[in-house]
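Single-structure report; data block below.
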Amino acid sequence: MAEDRDALRIVDAHHHLWDLEKHFYPWLSPDPLPPAMAGDCTPIAKTYGVEDYLADAAGQNLIKSVHVEAGFDYTAPLDETRWLQELADAHDFPQGIVAKASLQEPEVEALLAAQREHRNVRGIRHMVSWHEVPKNTFIDRPDLLTDSAWLAGFALLEKYDLSFDLQVYPPQMRDAAALARAHPGTSIVLVHTGMPLDRDPESRELWHSGMKALAEQPNVTVKITGLAMFDHDWTVQSLRPYVLETIDLFGTERCMFGSNFPVDKLYSSFSAIFDAFKEITRGFSDGERQALFAENAERIYRI
């Protein structure tokens, strides 16, 4: 595996950084921490900077990364972006930034314009993943994807050349596919492999059918990330069907791998999860693997 680690370029399509001494993250800062979909987050409720991230990734041939907003204080999303751009300027990581914006807010256009002024900003994430179980939901209402104010904010993304990181649960995927169909000029990146949290047969089929509906939209790509959050005792064999079905639906040119660190650090090392992805894709061609592990993320996030 050591030779494979050295040879295969890695662009981490999804990770986070945070400084809890300077900034407020509601899901990481209270004591005790609130219940969370990812489990007990106490071990990661501490500052995690570029140096920590690069140390975790040292066992892999990491060449670039994409930082995704990390649940920062919703009242000051520009503060996180300014801090990240300063880190990027100083360390050459991360090369891409997916910033935060609540798209239904009246002043969202001014915020999008301000976010786009930062050199490494490529996209926006507004987590719209709603779940009926309180600890699993990221928002307090289930209808944002069809809300007129939210849709008006989403429509502005193309104007500012911003992609959208889409975080939804499987029951929301039909509405998400309609959103993608209505906005063909906006690049939409489905995160965390479509959030396959519930694993009963009905939920499993709902995930597959929703992924198929999204894959039918040519402006939708997918990040194979976050699987450890939904499978705390994961093995290569337990990840394999989700990875391969996703690639089968979207194709090798529309999928990317990411670490979701440090959240997935709760259940994995950086090398363990990327080695699992490598093992699962061992039968793919060299060109397909280069696309999955690096080139697609470089193209889609323009880094």
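Note that the structure is a prediction, hence the values are computed from the model and not measured. Just so it is clear, the values below take in all heavy atoms, side chains as well, and ignore hydrogens, waters and symmetry mates.
Between the side chain of Glu288 and the backbone N or O of Ser285, at least one donor-acceptor pair lies under 3.5 Å. Panel note: side chain Asp231, backbone Leu239; no donor-acceptor pair is recorded below 3.5 Å. Within the 3.5 Å criterion, the main-chain N or O of Ser238 finds a donor-acceptor partner in the side chain of Thr235.
Inter-residue side-chain proximity for Val222 and Arg254 is flagged as unmet; no heavy-atom pair is nearer than 4.5 Å. Taking 4.5 Å as the limit, every side-chain heavy atom of Phe93 sits out of range of all side-chain heavy atoms of His67. Within the 4.5 Å cutoff, no side-chain heavy atoms of Met37 are placed close to those of Lys135. His16 is listed as a side-chain neighbour of Asn260, based on a closest heavy-atom distance under 4.5 Å. Leu145 is listed as a side-chain neighbour of Gln172, based on a closest heavy-atom distance under 4.5 Å. In this structure the side chain of Pro196 reaches within 4.5 angstrom of the side chain of Leu227, judged on heavy atoms. With a 4.5 Å cut-off on side-chain heavy atoms, Ser268 and Trp234 count as touching. Using a 4.5 Å heavy-atom cutoff, the side chains of Phe277 and Leu292 are not in contact.
With sequence neighbours excluded, the residues forming a side-chain contact (heavy atoms from CB on, under 4.5 Å) with Arg302 are Arg116, Arg122, Asp161, listed by chain and number. For His192, the ring pair (Phe, Tyr, Trp, His ring centres under 6.0 Å) test picks out His14, with sequence neighbours left out. In this structure, the side-chain contact (heavy atoms from CB on, under 4.5 Å) partners of Asp89, at least two apart in sequence or on a different chain, are Gln85, Arg119. Tyr242 meets the ring pair (Phe, Tyr, Trp, His ring centres under 6.0 Å) test with Trp207; sequence neighbours excluded. Residues meeting the ring pair (Phe, Tyr, Trp, His ring centres under 6.0 Å) test with Phe261, sequence neighbours left out: Phe270. In this structure, the side-chain contact (heavy atoms from CB on, under 4.5 Å) partners of Thr81, at least two apart in sequence or on a different chain, are Ala99, Gln115, His118, Val121. In this structure, Asn219 has no side-chain hydrogen bond (donor to acceptor under 3.5 Å, both in side chains) partners at least two apart in sequence or on a different chain. Under the ring pair (Phe, Tyr, Trp, His ring centres under 6.0 Å) criterion, His232 pairs with Tyr267, sequence neighbours left out.
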Next on the checklist: Evaluate His183 against Phe164 for side-chain contact (heavy atoms from CB on, under 4.5 Å), listing each step before the verdict.
Outcome noted: CA-CA 11 Å; His183 297 275; Phe164 183 70; over 6 Å; no
Checklist entry - Do Leu84 and Trp18 pass the side-chain contact (heavy atoms from CB on, under 4.5 Å) test, and can you show the C-alpha distance, the side-chain angles, and the key distance before you say yes or no? => result CA-CA 9 Å; Leu84 289 166; Trp18 47 68; over 6 Å; no
Next on the checklist: I'd like to know whether Asp275 forms a side chain to side chain donor-acceptor pair (under 3.5 Å) with Gln60, so could you lay out the CA-CA distance, the side-chain angles of the two residues, the decisive distance to 0.1 Å, and finally the verdict.
Outcome noted: CA-CA 9 Å; Asp275 286 349; Gln60 300 287 328; 3.0 Å; yes
Checklist entry - Does the side-chain contact (heavy atoms from CB on, under 4.5 Å) test come out yes or no for Leu197 and Asn136, once each step is laid out? => result CA-CA 9 Å; Leu197 174 63; Asn136 295 334; 3.4 Å; yes
Checklist entry - Yes or no on salt bridge (Lys or Arg N to Asp or Glu O under 4.0 Å) for Glu216 and Lys212, after CA distance, side-chain angles and deciding distance? => result CA-CA 6 Å; Glu216 290 171 354; Lys212 183 176 185 295; 2.9 Å; yes
Item to check | CA sep, side-chain torsions, deciding dist, call: Arg9, Glu298, salt bridge (Lys or Arg N to Asp or Glu O under 4.0 Å) | outcome: CA-CA 11 Å; Arg9 298 160 66 247; Glu298 288 178 309; 3.0 Å; yes
Next on the checklist: Walk me through whether Asp165 and Lys223 qualify under salt bridge (Lys or Arg N to Asp or Glu O under 4.0 Å).
Outcome noted: CA-CA 9 Å; Asp165 265 35; Lys223 291 193 276 197; 2.6 Å; yes
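What you find for Thr137 and Ser129 is that their closest heavy atoms are OG1-O, 3.7 Å. Of all non-hydrogen atoms in Thr225 and Thr193, the two that sit nearest each other are O-OG1, 2.9 Å. The nearest pair of heavy atoms linking Asn61 to Leu8 is CB-O, 3.4 Å. When all heavy atoms of Glu253 and Ala291 are compared, the pair lying nearest together is OE2-CB, 3.8 Å. Heavy atoms only, all atoms of each residue included: Asp40 and Leu266 are closest at O-CD2, 3.5 Å. Shown here for Gly251 and Cys255, the closest heavy-atom pair between the two residues is O-SG, 3.4 Å.
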Let me check something: any side-chain donor-acceptor pairs from residues 23-36 under 3.5 Å, sequence neighbours excluded? List them with distances.
{"unit_1": "Trp27", "atom_1": "NE1", "unit_2": "Ala70", "atom_2": "O", "d": "2.9"}
{"unit_1": "Ser29", "atom_1": "OG", "unit_2": "Tyr25", "atom_2": "N", "d": "3.4"}
{"unit_1": "Ser29", "atom_1": "OG", "unit_2": "Tyr25", "atom_2": "O", "d": "3.0"}

Only distances under 3.5 Å count here; give the side-chain donor-acceptor pairs of residues 146-158 to other protein atoms, sequence neighbours excluded, each with its distance to 0.1 Å.
{"unit_1": "Thr146", "atom_1": "OG1", "unit_2": "Asp143", "atom_2": "O", "d": "3.2"}
{"unit_1": "Asp147", "atom_1": "OD1", "unit_2": "Arg141", "atom_2": "NH2", "d": "3.0"}
{"unit_1": "Asp147", "atom_1": "OD2", "unit_2": "Ala149", "atom_2": "N", "d": "3.2"}
{"unit_1": "Asp147", "atom_1": "OD2", "unit_2": "Trp150", "atom_2": "N", "d": "2.9"}
{"unit_1": "Trp150", "atom_1": "NE1", "unit_2": "His126", "atom_2": "ND1", "d": "2.9"}

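One hydrophobic cluster, built from ILVMFWY side chains closer than 4.5 Å, cannot hold both Val191 and Ile97; they sit in different ones. Placement of Ile188 and Phe250 within a single hydrophobic cluster is found when ILVMFWY residues are connected by side-chain heavy-atom separations under 4.5 Å, directly or transitively. Under a hydrophobic-cluster definition in which Ile, Leu, Val, Met, Phe, Trp and Tyr are linked whenever side-chain heavy atoms come within less than 4.5 Å, directly or via other members, Ile10 and Ile273 are assigned to the same cluster. Clustering ILVMFWY residues whenever any of their side-chain heavy atoms sit less than 4.5 angstrom apart, transitively, puts Leu206 in a cluster other than the one holding Leu190. Put simply, Leu103 and Leu111 are part of two different groups of oily side chains (I, L, V, M, F, W, Y) that touch within less than 4.5 Å, one to the next.
Rounding to the nearest 0.5 Å gives a distance of 8.5 Å between OG1 of Thr281 and CG of Leu244. Distance check, rounded to the nearest 0.5 Å: CD of Glu107 to CG of Leu112 gives 11.5 Å. To the nearest 0.5 Å, atoms CE (Met173) and CE (Met195) are separated by 9.0 Å.
Judged by distance alone, the side chains of Ser65 and His15 do bring a donor and an acceptor atom under 3.5 Å apart.
Few gaps surround CG on Asp200; more than 12 heavy atoms of other groups in view lie less than 6.0 Å from it.
The residues Glu80 and Lys22 are annotated as not salt-bridged, no charged nitrogen and carboxylate oxygen being separated by less than 4.0 angstrom. Using a 4.0 Å cut-off between charged nitrogen and carboxylate oxygen, Glu109 and Lys159 count as a salt-bridge pair. Here Glu86 does not pair with Arg82 in a salt bridge; the nearest charged N to carboxylate O distance is not below 4.0 Å.
Tyr169 and His131 have perpendicular rings, their planes meeting at more than 60° on a 0 to 90° scale where under 30° would count as parallel.
Residue pairs meeting the salt bridge (Lys or Arg N to Asp or Glu O under 4.0 Å) criterion with at least one partner in residues 44-62, sequence neighbours excluded, are Asp56-Lys265.
Within the hydrophobic cluster formed by Ile, Leu, Val, Met, Phe, Trp and Tyr side chains joined at under 4.5 Å, directly or through other members, Met256 is accompanied by Val11, Ile63, Val66, Val68, Val98, Val189, Ile300, Tyr301, Ile303.
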